[in-house]
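Have a look at the structure below before the remarks.
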Amino acid sequence: MRTVYFDHAATTPVDERVFEAMKPYFTEEFGNANSAHQLGNNAKVAVEEAREKVAELIGASPAEIIFTSGGTESDNAVIKGVRAAIGKSDVITSPLEHHAILHSAECEKRRGGKPVYIEPDSKGNITPKQVEEAITDETALVSLMHVNNEIGNINPLREIGAICKEHGVPFHSDAVQSIGKLPVDVEELGLDFLSMSGHKIYGPKGIGVLYVRHGSPWIPWMHGGSQERRRRGGTLNVPGIIGLVKALELATDEVDVNLEHYDKLRKRLLKGLHNRFDGKFVINGNPESSVPHIINLAFTDEQGNGIDGEMLLLNLDMEGICVSNGSACTSGAVEPSHVLQGLGLDPEIANSSIRISMGKSNTIDDIDYFLDKLEAVLNRMMTTTANA
Ligand SMILES: *Cc1c(COP(=O)(O)O)cnc(C)c1O
């Protein structure tokens, strides 16, 4: 059966060119970058070259780059590490953030921390003014993502960064979904901390980057050997580092071609949706300010009732189509996505939503195939409901 993968915001395959670049570091060049001998030195040289490239691509200096195990670790390290260094309570963030941020911020309550949530509007917009109003003497950190992984919204980081700077508040962004898609320069965006991940940009899983601006209030929480200037203990994941950096370079070099491709796919998808399901779907989030490859859709029947998004996902899966709904299965009950809940959507609409996230290898034909299957599945589901 044909497989159509529309879940690139969850993970991507490793690009063949990335895989090729990584290979030697699993086998011949397997040295520990901390070893004093030749083999160790080869690994160290490769890692330091990689570090310079990442730094250059985001406008940082190499000493500000720390390799981690992924976006989750980088996010945890910022929330916990800044709070520990500053001692102030408030972490200003939003309910639309990734769980790596939200659960870290909630966990800080045990150490006297206080998450402060900026309320987005129903399209997920957050304004710089809201951030400014939330800042107090107790603000330890502002943490807001660049691109939302479920609805694709882009946050106005540049403006928020300027406000944070003006108030002397450290500013972090989870840029896992924007890296390689939007320009990310820590100076231009006014960032003190940034998180990225390898596997969302056709690199390997289990590798990420944490950018820490020189002089920022931050203490490490992962202790071990002297790796990463004593800021992140643990033997360096050399193949992972090489892979992440190769993936980042490719994404940057090919960004225009990729974005143009996503734009074409998106137009085809939206046209097809309008032709076939006009009045029976809504786009969640703010399509006016979003990345082209992520589209979150809620489907309703003739009466305007939300269809069962979980059933829709499973039915599409049976046709070989991989999408996501961001829901969590908590103690047996399906909870709608926290992001859609954070928009204040009616739970029924939130539960009738699916996310489509397109990638480099998707084609116009994939879109048409999806539209055909979607139509068949929705018709089937609506007839079943009508007869029930
Ligand atoms: C995937 C993702 C993460 C987690 O990254 P991992 O490398 O999988 O730990 C964090 N934030 C966002 C926005 C993501 O999409």
Side-chain angles (χ1 to χ4, degrees), residues 5-15 18 54 58 65-81 91 93-107 120 124 126 141-155 157 171-182 184 189 191 193-211 221-222 232 234 237 239-241 243-245 247-248 251 284-285 290-291 293-296 322-328 337-340 342-343 355-359:
Y5 186 76
F6 278 153
D7 202 11
H8 294 83
T11 196
T12 58
V14 172
D15 187 297
V18 170
V54 182
I58 64 166
I65 301 297
I66 302 173
F67 290 109
T68 66
S69 66
T72 300
E73 184 189 325
S74 298
D75 286 349
N76 270 264
V78 175
I79 304 281
K80 295 170 187 180
V91 174
T93 185
S94 112
L96 310 185
E97 291 291 310
H98 192 272
H99 278 141
I101 293 291
L102 295 177
H103 292 166
S104 296
E106 286 293 322
C107 177
I126 286 166
L141 175 74
V142 171
S143 178
L144 291 166
M145 68 208 315
H146 198 184
V147 166
N148 186 279
N149 49 306
E150 286 191 37
I151 52 179
N153 279 28
I154 303 169
N155 274 331
L157 292 196
F171 181 33
H172 166 249
S173 187
D174 175 333
V176 169
Q177 293 288 349
S178 64
I179 280 285
K181 313 252 171 25
L182 300 177
V184 176
L189 300 177
L191 291 169
F193 302 91
L194 172 147
S195 308
M196 66 170 106
S197 172
H199 74 101
K200 306 288 175 82
I201 56 168
Y202 297 87
K205 294 171 180 63
I207 186 75
V209 165
L210 169 61
Y211 157 78
W221 68 309
M222 186 83 135
R232 202 279 185 183
N237 175 358
I241 292 168
L244 180 146
V245 175
L248 186 59
N284 298 318
S290 74
V291 287
H293 66 293
I294 298 178
I295 304 179
N296 199 304
C322 309
V323 300
S324 140
N325 65 359
S327 67
S337 136
H338 75 276
V339 172
L340 300 184
L343 301 180
R355 174 190 69 188
I356 293 150
S357 50
M358 297 172 296

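In each ligand, atom 1 is the first atom listed, and ligand 1 is the first ligand listed. Sequential numbering from 1 along the given sequence is applied to the chain's residues.
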Which residue and heavy atom of the protein sit nearest atom 10 (C) of ligand 1, plus the separation: D174 OD2, 3.4 Å
Shortest protein contact, atom 6 (P) of ligand 1 (heavy atom only): G71 N, 3.5 Å
Where ligand 1 meets G70 - atom numbers and elements under 4.0 angstrom, heavy-atom basis: 7 (O)
Identity and separation of the nearest protein heavy atom to atom 7 (O) of ligand 1: S197 OG, 2.7 Å
Ligand 1 contact on K200 by region, counting heavy-atom pairs under 4.0 Å: side chain
Closest protein heavy atom to atom 3 (C) of ligand 1, given as residue, atom name and distance to 0.1 Å: H98 NE2, 3.4 Å
T11 and H199: side chain donor to acceptor below 3.5 Å: yes
Main-chain N/O of G206 paired to S69 side chain as donor or acceptor, under 3.5 Å: no
Closest heavy-atom pair and its distance - S74, V209: OG-O, 3.0 Å
Sub-4.0 Å atoms of ligand 1 with respect to non-hydrogen atoms of H199: 6 (P), 7 (O), 8 (O)
Interfacing atoms of ligand 1 (cut-off 4.0 Å, heavy-atom, M145): 13 (C)
Stepwise side-chain contact (heavy atoms from CB on, under 4.5 Å) test for V147 and K181: CA-CA 10 Å; V147 166; K181 313 252 171 25; over 6 Å; no
N or O pair under 3.5 Å between S69 and ligand 1: no
Residue pair D174 / S195, side-chain donor-acceptor N/O under 3.5 Å: no
Which segment of N149 sits under 4.0 Å of ligand 1 when only heavy atoms are counted: side chain
Polar side chain donor-acceptor pair, S143 to H172, under 3.5 angstrom: yes
Any donor-acceptor pair under 3.5 Å from N148 side chain to E150 backbone: yes
For atom 9 (O) of ligand 1, closest protein heavy-atom neighbour: T72 OG1, 2.6 Å
Salt bridge (charged side-chain N to carboxylate O under 4.0 Å, His left out) partners of residues 65-75, not counting sequence neighbours, each pair once: E73-R232
Min side-chain heavy-atom separation M145-Q177 under 4.5 Å: no
Part of E73 with heavy atoms under 4.0 Å of ligand 1, whether side chain, backbone, both or neither: neither
Proximal ligand 1 atoms for V176, defined as those under 4.0 Å from one of its heavy atoms: 2 (C), 10 (C), 11 (N), 12 (C), 14 (C), 15 (O)
